[in-house]
Amino acid sequence: MMSVEEMISRLRGMYPGGYFHVNRDPYYMLISTVLSQRTRDEVTIPATRRLFEVFDGPLKMASADIDEIQALIMDVGFYRVKAQRIIDISRILLKNYGGIVPDSMDELLKLPGVGRKTANCVLGYAFEKDVIAVDTHVHRISNRFGLVKTSSAAETEKELEKVVSRQDWKDINGLMVLFGQNVCRPISPRCGECGLNDICTRIL
Ligand code: SF4
């Protein structure tokens, strides 16, 4: 019998260090999550580091030359659009929020390029709020495993909130991202060597 608690407990066992590379500064988290949209971690993480080595906060980013930002992040998907968004976000933060990233969903959603997933990553990782950030890994794995039956990330977020204990909400994203990159991959999941294959509905 599949149990959510059992699944999460096993994932914690597989990835005891969690999502270790995450920098939890809210501004860093916000910009890195914008960069990560439709881009793999292996590309996003070094690009964010390069960017912050030159422009390490909203003040510098807001007045940066867009060509310089583009050059630093050019291996990231949609880098031209994202470079402009990063500048716009930084300007709005300075103008409306005193340069501080807001810690509410409603305010975060007002920023350009920020949807629920990005906002929830900031709220969960940087502000340690009880939220479930549903990205492509969380959506896919939750459905494959049988936790939910949904067709959109927004639906998955709502349904997961019903079946996962609140204390586990903010850890779901990191655990499933690591699991999705290494085992329950989008194409050719490694079911034979998966530590959950005795309780996964895809296999049962
Ligand atoms: S058994 Fe396969 S589909 Fe199920 S969680 Fe493991 S890798 Fe994913």
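Counting starts at 1 for both ligands and their atoms, in listed order.
Without hydrogens or angle criteria, N197 side chain to C191 main chain gives a donor-acceptor distance under 3.5 Å.
Residue pairs meeting the ring-ring contact (aromatic ring centres under 6.0 Å, His included) criterion with at least one member in residues 38-77, sequence neighbours excluded: Y27-F52, Y28-F52. Within the structure, salt bridge (Lys or Arg N to Asp or Glu O under 4.0 Å) contacts touching residues 138-161 (residues at least two apart or in different chains) are R116-E157, E159-K162.
M61 and L94 end up in different hydrophobic clusters when Ile, Leu, Val, Met, Phe, Trp and Tyr side chains are linked at under 4.5 Å.
For atom 4 (Fe) of ligand 1, the count of nearby protein N/O/S atoms, taking only those under 2.8 Å, is 1.
When only modelled atom types and interatomic distance are considered, T150 and N143 share a side-chain donor-acceptor pair under 3.5 Å.
Residues satisfying the side-chain hydrogen bond (donor to acceptor under 3.5 Å, both in side chains) criterion with R185, sequence neighbours excluded, are absent altogether.
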